[in-house]
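One structure below.
Nothing fancy with the numbering, it's 1 onward along the sequence.
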Amino acid sequence: MDFNSKTGEADTLASGCAVVAVSSPRRLSAAATRLDKASGGQISALIKQGDIKTDCGKTTLILAPAGNIKAKRILVVGCGEDKTLSPQAFNKLASAAANALQDSGAGDAASWLTEIEVEDRDIAWKAQQLVAASEDAVYRFDELKSDAKPPRHPLRRLSITSASRADGSAIRAGIRAGTAIAHGMNLARTLGNRPGNYCTPSDLADQARALKKTFPSLKVRVLEEKDMEKLGMGALLSVSRGSRQPAKLIVMQYNGGKKNSKPTVLVGKGVTFDSGGISLKPGSAMDEMKFDMCGAASVFGTVSAVAEMKLPVNLVGIVPSTENLPDGLATKPGDIVTSMSGQTIEVLNTDAEGRLILCDALTYAGKFKPDVVIDIATLTGACVVALGKHATGLFSHDQALADALLDAGQSTGDRAWQMPLWDEYDEQLCSNFADMANIGGRDAGSITAACFLSRYTKDYRWAHLDIAGVAWKSGNDKGATGRPVPLLTQYLMAKAK
Ligand code: BES
Ligand code: MN
Ligand code: ZN
């Protein structure tokens, strides 16, 4: 989709559809008021007779509006009662409007939703969110459907308007960030949605090379199993033993910052299918374990967004990737493996494999002399129990880093919630036979998993994002969400400032 910034009035700007806001009980925005006047009171009459609902997120399409209006349609978007909206409310109505526009038949549209007042948010932010909502509404994953049909009347262009020319550059900045983030999310969603037989560790390595084609400034390196053996990555390799697909450790480097400024390193869990291994998972919804590489996908998406925006930061993306399958050679419960750090691990449950591949990747991350390391993983079912599908679990000993990530989540609506990393939880990992066990018992499963990772991240500032709840949706809209690409990209944008 194309986005641009325009100044003009709602009644005189020609478009396939004018998108305007109304609030309860009968408050029209400035643009809605102009359309109402030019149409001889059509909008206010429709509200009065109950045909237009003004609740937050309700939309009404007026076809062939009355009077002398240059737009072919009007989409009226309800804002509810509040004069100033929360960012969450704005995002909700932005996506309702985007979905309604998709179904409207309009090929282009002009949005005046920038008029809505949002708590502590400027017009650039509104533009960024309108772009994100539109791209989300057009996203389809149909590359494996034999009869995929593109929509007959797709929305191709959205103009984001403002009353004053002065707002134009802010809107354009919002559009630029919004499109880069949306492209990153779309990439993350597509990689996540691909099934295990189309998205193997080798396919992810190819994906990194393809990203380098799009952004030639990237440096890409893929470590093979023999390289991992040389580095002593016994934990990572213990997971791939049961798989016929070779494990890969993918490294992507983007150097947009000053030469000697330390990089931010993102480490994404890339288990392309998690059966549990010998500790085999139960069958129900096991297909969803193709999404167990969504942490990796978010690293690809963020690298893409940052490269598209040409942000002045140094960034390294590291993706340890493997399958987790049962086999005669597979690691067994009770086996003890030696990680790259030298610490030994008793594998009490082969389904706690994410931390095994991440611990070696996190040790490897130290080689880049990082400013900050953030790992992103669909790590624990326990995180879904704790926070549901709404918030990413955030863990860090570094409160300044945690706060920066929480802020980035707030500002994009891709929110995280901090959980504790106390020593009492860490003690649950002790083993009679090795330096630690790979599980910490039933209690506080997402925290003990984070404590495990923490033992490998002593040399730098580190945060862990458990995205098990937010990375994909189940049920009728089953599919990857592209989270937390917005949070990560916003964090890097703030850092670049
Ligand atoms: N990939 C799963 C975590 C997961 C499960 C994410 C369900 C989303 C939905 C991870 O590898 C795993 O299996 N974790 C185990 C850990 C346990 C064995 C300590 C879990 O959460 O059950
Ligand atoms: Mn598992
Ligand atoms: Zn897993």
Side-chain angles (χ1 to χ4, degrees), residues 1-8 10 13-21 59 61 71-75 77 90-114 116 123-143 148-162 167-193 214-215 300-302 304-310 412-414 477 479-483 485-486 489-490:
M1 246 182 96
D2 277 341
F3 300 90
N4 60 19
S5 131
K6 274 210 175 134
T7 39
L13 191 73
S15 79
C17 187
V19 185
V20 296
T59 62
L61 187 66
K72 294 202 187 87
R73 307 167 185 79
I74 300 173
L75 185 68
V77 182
F90 183 85
N91 286 341
K92 177 178 165 189
L93 66 85
S95 74
N99 286 319
L101 264 183
Q102 275 314 308
D103 296 339
S104 72
D108 71 309
S111 175
W112 272 269
L113 297 181
T114 42
I116 299 170
I123 195 154
W125 180 86
K126 292 178 224 174
Q128 183 175 327
Q129 298 311 104
L130 289 173
V131 170
S134 308
E135 288 282 355
D136 180 57
V138 298
Y139 178 83
R140 298 264 175 301
F141 180 77
D142 51 16
E143 59 185 36
K149 289 185 202 80
R152 272 220 266 157
H153 300 284
L155 182 67
R156 291 225 160 79
R157 194 173 65 242
L158 182 70
S159 301
I160 299 176
T161 68
S162 64
D167 286 333
S169 70
I171 290 183
R172 278 189 293 277
I175 290 175
R176 220 173 305 122
T179 9
I181 291 173
H183 291 160
M185 290 176 82
N186 287 351
L187 173 60
R189 293 174 84 173
T190 294
L191 295 178
N193 287 333
T214 317
F215 303 108
F300 282 101
T302 305
S304 158
V306 165
E308 182 172 334
M309 274 189 274
K310 301 197 172 72
T412 49
D414 182 11
D477 4 286
T481 60
R483 290 179 69 180
V485 171
T489 311
Q490 190 75 38

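- For the atom pair CZ (Phe215) and NZ (Lys310), the distance works out to 8.5 Å, reported to the nearest 0.5 Å.
- Rounding to the nearest 0.5 angstrom, the gap separating the OG atom in Ser304 from the CG atom in Asn186 is 9.5 Å.
- With Thr161 as the fixed residue, the side-chain contact (heavy atoms from CB on, under 4.5 Å) test singles out one of Val19, Leu13, Thr7: Leu13.
- Nearest heavy atoms, Ile175 versus Ser5: CD1-N, 4.0 Å.
- With values rounded to the nearest 0.5 angstrom, Ser111 atom OG is found 7.5 Å from Ile116 atom CD1.
- Side-chain contact between Asp2 and Arg156: absent, with no pair of heavy atoms (C-beta onward) separated by less than 4.5 Å.
- Taking the side chain as every heavy atom from C-beta outward, Phe300 and Val485 never approach each other to under 4.5 Å.
- Between Leu61 and Cys17 there is a side-chain heavy-atom pair separated by less than 4.5 Å.
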Test side chain to side chain contact (heavy atoms under 4.5 Å, CB included) on Met309 and Thr489 and set out the steps. CA-CA 10 Å; Met309 274 189 274; Thr489 311; 3.4 Å; yes
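- You'll find the side chain of Met185 stays beyond 4.5 Å of the side chain of Glu135, heavy atoms only.
- Nearest heavy-atom pair, Pro486 versus Ile181, reported as atom, atom and distance to 0.1 Å: CA-CG2, 3.9 Å.
- Put simply, the side chain of Leu101 reaches to within 4.5 Å of the side chain of Leu158, judged on heavy atoms.
- Here the side chains of Gln128 and Gln490 are in contact, with some heavy-atom distance below 4.5 Å.
- Looking only at side-chain heavy atoms (C-beta outward), Trp112 and Ser162 stay at 4.5 Å or farther from each other.
- Within the 4.5 Å cutoff, side-chain heavy atoms of Thr114 are placed close to those of Leu130.
- For the pair Met1 and Leu155, the tightest heavy-atom approach, listed with the atom from each and the gap, is CG-O, 3.4 Å.
- The backbone N or O of Ser134 lies less than 3.5 Å from no partner atom in the side chain of Tyr139, so there is not a single donor-acceptor pair.
- Cation-pi geometry between Arg189 and Phe141 is not met at under 6.0 angstrom from the ring centre and within 45 degrees of the axis.
- Minimum heavy-atom separation, Gly16 to Arg73: O-NH1, 2.8 Å.
- Across all their heavy atoms, Ala188 and Gly482 have their closest contact at CB-CA, 4.1 Å.
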Test side chain to side chain contact (heavy atoms under 4.5 Å, CB included) applied to His153 and Gln102, step by step: CA-CA 8 Å; His153 300 284; Gln102 275 314 308; over 6 Å; no
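- With rounding to the nearest 0.5 Å, the separation of CG in Asn99 from CG in Asp136 is 7.0 Å.
- Minimum heavy-atom separation, Ala170 to Ala124: O-CB, 3.3 Å.
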Stepwise, does the side chain to side chain contact (heavy atoms under 4.5 Å, CB included) test hold for Asn4 with Ile171? CA-CA 8 Å; Asn4 60 19; Ile171 290 183; over 6 Å; no
Stepwise, does the side chain to side chain contact (heavy atoms under 4.5 Å, CB included) test hold for Leu113 with Lys126? CA-CA 8 Å; Leu113 297 181; Lys126 292 178 224 174; over 6 Å; no
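- A salt bridge is defined here as a Lys NZ or Arg NE, NH1 or NH2 lying under 4.0 Å from an Asp or Glu carboxylate O, and Arg157 with Asp108 meets this definition.
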